[in-house]
Amino acid sequence: MCGIVGYAGPVDGVDALGVVMEGLRRMEYRGYDSAGIVVQAQGALAARKKAGKLANLEELLSLDPLPLAVTAVGHTRWATHGGPTDENAHPHHSADGRLALVHNGIIENYAALRAQLVDEGASFTSETDTEIAAHLVARAYDEVGDLTEAMRLVANQLQGAFTLLALHADVPGTVVGARRNSPLVVGRGKGANFLGSDVAAFIEHTREAIELGQDQVVTITCDSIEVIDFAGAPATTRAYHVDWDARAAEKGGYPNFMAKEIDEQPRAVADTLLGRMDQRGHLALDELRIDASALRSIDKIVVIGCGTASYAGQVAKYAIEHWCRVPTEVELGSEFRYRDPVVTAKTLVVAISQSGETMDTLMAVRHAREQGAKVLAICNTHGSTIPREADAVLYTHAGPEVAVAATKSFLAQVAACYLLGLYLAQLRGNKFEDEVRAILAQLARVPDQIQQVLNSMEPVRALARQMADARVVLFLGRHVGFPVAMEGALKLKELAYIHAEGFAGGELKHGPIALIEPGLPVFVVVPSPRGRDSLHGKVISNIQEIRARGARTIVIAEEGDDAVRPYADTLIQVPRTPTLLAPLVTTVPLQVFAVELAMAKGHDVDQPRNLAKSVTVE
Ligand code: AGP
């Protein structure tokens with residue numbers, strides 16, 4: 001997820017640079033791998049861009065200023081294609097430098113488009129999918145002589161998720177944008193107009209916004225706003241007044257980043273899945289320095305992570321062993337190397353880390369490599385240490401996760417683990433291409449199912465507020481519901497500072513049931529009744545065991561599972577998914593419960609006490 005700002009102001013107006021830089025400051029949370037800005041002045045374009053935080057760009061501008069201008073476009077990057085370098089920073093230019101473009105999203109068919117351009121003699125200075133779009137829009141402009149039409153023609157060629165903004169040296173005072181599956185909002189000012197990834201881009205200047213719909217092209221000047229659809233017809237838009245203040249705008253109107261990031265989960269999972277499988281169903285890893293024969297010869301997989309990442313690894317274990325039939329262990333980063341693990345050149349270590357900097361996980365990766373293992377990183381942060389030291393990388397595309405407690409990165413990690421499992425299953429011959437496609441089709445439906453869960457969370461919020469004084473909460477689950485129970489307990493610990501514990505349902509009778517007393521709240525994550533070995537029936541027995549001792553049962557079960565209803569003091573229903581994919585929907589109520597209860601207790605849910613977003617010490 002990146003931050004984009006566009007501005008078209010009056011010829012005698014303020015300097016566009018200052019307006020756009022201020023917008024970028026308000027949207028730096030959307031991405032801080034690099035930043036850049038381009039202005040249009042005296043019939044030419046002038047740009048500056050720099051890897052790292054926005055402050056690096058500000059320093060560059062102070063040393064090497066841009067000319068005064070009334071039209072500008074800016075970008076803060078969260079890397080997807082290509083690492084966080086100066087060359088990969090936006091904006092990207094056409095070959096003749098007369099057009100500049102910034103982009104948020106993932107152009108799924110960029111490889112084919114790039115190959116076609118190279119065949120026609122184009123050369124590129126970056127590894128990004130964005131630069132391809134810049135060349136295409138410039139070429140279309142040279143053909144049709146109209147920037148809006150050029151953008152429309154190219155937008156129709158692109159697949160995936162994109163918000164594009166472009167400036168052209170020959171079209172003064174004009175910014176043109178296009179969006180598909182990625183946000184873009186217009187700010188209508190007095191004598192000036194704005195474009196942004198969200199209203200934080202221009203909230204200081206205007207609260208009159210226009211929301212753009214899917215597949216639309218927008219053209220702004222200082223005194224005009226025109227919107228057409230990808231077919232070229234005038235488009236309908238929705239104007240609204242923004243009643244947030246600037247700080248709230250950075251959170252998109254949410255009370256905290258935690259709530260915002262929980263709601264971003266459908267997009268985080270969808271973007272992580274986007275463009276991952278080619279036409280033959282082969283996984284497109286971001287970086288792969290492990291050849292297929294080595295992956296075929298793997299005889300053991302060890303998934304390493306800490307905290308929430310380790311629970312994603314536990315979900316991965318069930319999926320990978322079921323699909324690939326390869327023994328799969330899950331290890332805490334902090335424990336791995338101290339147990340003298342048996343690791344060989346035929347071991348694949350999968351290191352899961354949102355930040356890519358967790359020292360416990362990094363040290364485990366180094367140990368595994370010293371033992372000759374191949375390492376594949378699943379990470380959300382481009383250019384971080386763990387991916388750099390891995391042999392292969394599968395990036396999650398959850399966008400920056402600002403809140404310390406992991407939410408969208410967890411679901412994205414689980415989705416990435418499913419992709420890896422399917423890739424290995426197909427590569428090793430355990431699954432046919434059509435079987436992989438069938439599961440991918442089920443996965444593709446999950447973002448909408450997550451949205452369905454998010455749309456029905458008010459009762460869960462009310463329950464959380466009711467239980468604000470709870471002192472102990474237990475979480476039970478079996479099969480893939482067990483790591484979900486552990487993750488739900490961790491969320492409650494981290495955010496509400498309540499003693500919470502996750503158990504495997506079958507373990508209850510081996511000791512933990514002694515904890516059960518009248519009124520004790522217990523969440524139970526129930527597997528699908530369509531699963532295997534009547535596990536469903538065993539979980540119902542678990543619920544009966546705790547109810548018999550007075551527990552207050554809060555049951556998460558799939559829609560249509562009426563067998564659990566008599567045993568649930570509170571029943572939370574989630575959409576029906578295939579057994580192994582259930583964590584992507586059953587986790588969400590537990591996240592919402594934890595954040596709502598913590599807010600009811602007045603806690604800072606974005607920065608809980610004693611915690612850090614990335615633990616870079618052992
Ligand atoms: C999760 O809510 C916590 N913030 C913590 O457990 C986190 O998952 C763990 O520290 C691992 O971080 P990483 O994914 O950045 O490696």
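In each ligand, atom 1 is the first atom listed, and ligand 1 is the first ligand listed.
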Nearest 0.5 Å please: distance from the CD1 atom of I320 over to the CG atom of L420. 5.0 Å

Centroid separation F593 to F523 less than 6.0 Å: yes

Under a 3.5 Å distance rule, please check whether H603 uses its side chain to pair with a backbone N or O of L495 as donor and acceptor. yes

Within the 4.0 Å heavy-atom shell around [X], which atoms of ligand 1 are there?
| X | answer |
| --- | --- |
| A406 | 1 (C), 2 (O) |
| S353 | 13 (P), 14 (O), 15 (O), 16 (O) |
| A405 | 2 (O) |
| K491 | 1 (C), 2 (O) |
| G307 | 6 (O) |
| T308 | 1 (C), 2 (O), 6 (O), 8 (O) |
| Q354 | 13 (P), 14 (O), 15 (O), 16 (O) |

I need the contact type for E494 against ligand 1. Using non-hydrogen atoms and a strict under-4.0 Å cut-off, is it side chain, backbone, both or neither? side chain

Min N/O separation [X] to ligand 1 under 3.5 Å:
| X | result |
| --- | --- |
| V404 | yes |
| T361 | no |
| I352 | no |

Protein heavy atom at shortest distance from [atom]:
| atom | answer |
| --- | --- |
| atom 15 (O) of ligand 1 | S355 OG, 2.7 Å |
| atom 9 (C) of ligand 1 | C306 O, 3.6 Å |
| atom 10 (O) of ligand 1 | V615 CG2, 4.2 Å |
| atom 12 (O) of ligand 1 | T358 OG1, 3.4 Å |

Working for side chain to side chain contact (heavy atoms under 4.5 Å, CB included), residues V524 and I546: CA-CA 10 Å; V524 185; I546 59 178; 4.1 Å; yes

Minimum-distance pair of heavy atoms, taken over all atoms of [X] and [Y]:
| X | Y | value |
| --- | --- | --- |
| R339 | V342 | NH1-N, 4.4 Å |
| L581 | Y418 | CA-OH, 3.4 Å |
| T381 | S355 | CB-O, 3.5 Å |

Please work out which of the three classes, parallel, tilted or perpendicular, describes the rings of H90 and H103, given edges at 30° and 60°. parallel

Under 3.5 Å, is there a donor-acceptor pair between the T587 and E487 side chains? no

Pairs meeting criterion salt bridge (Lys or Arg N to Asp or Glu O under 4.0 Å) with involvement of residues 383-399, two or more places apart: R366-E389, R369-D391

